Amino acid sequence: MNYRWLFKMKRWVQNPPSEKRVILVLSIVAICIVVAMIEHFIGWPELLSMEPGRARWKY
C-alpha cells in the first residue's frame, strides 16, 4: 500500500465527508451496479451496440 493512501485515509478520518456527499456517492454506485446487473442478466440491446448486427431500423 502506498503511503499517499494512508495520508488520504488520515484526512478522511479527521474531516469526514458530509452525509449528503456519502448518499450521493452510494446512490451513484448503486445505479452502476443496477445497470451492470441488467446488462449481465438481460443483455445489451443490439441497437445500442457499435458492431453491425442483424436487427436494424428499416425506413
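Numbering of residues begins at 1 and proceeds along the displayed sequence. Atoms considered below: every heavy atom in the structure, side chains included; atoms not considered: hydrogens, waters and symmetry mates. As the structure is a prediction and not an experimental result, all values here were calculated from the model.
For P16, there are no side chain to side chain contact (heavy atoms under 4.5 Å, CB included) partners, not counting sequence neighbours.
I33 contributes atom CD1, which lies 9.5 Å from atom CG of L26 (distance to the nearest 0.5 angstrom).
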Show me the donor-acceptor pairs within less than 3.5 Å that the side chains of residues 34-42 make with the rest of the protein, sequence neighbours left out.
none

Under 3.5 Å, sequence neighbours excluded: what are the donor-acceptor pairs made by side chains of residues 6-14?
none

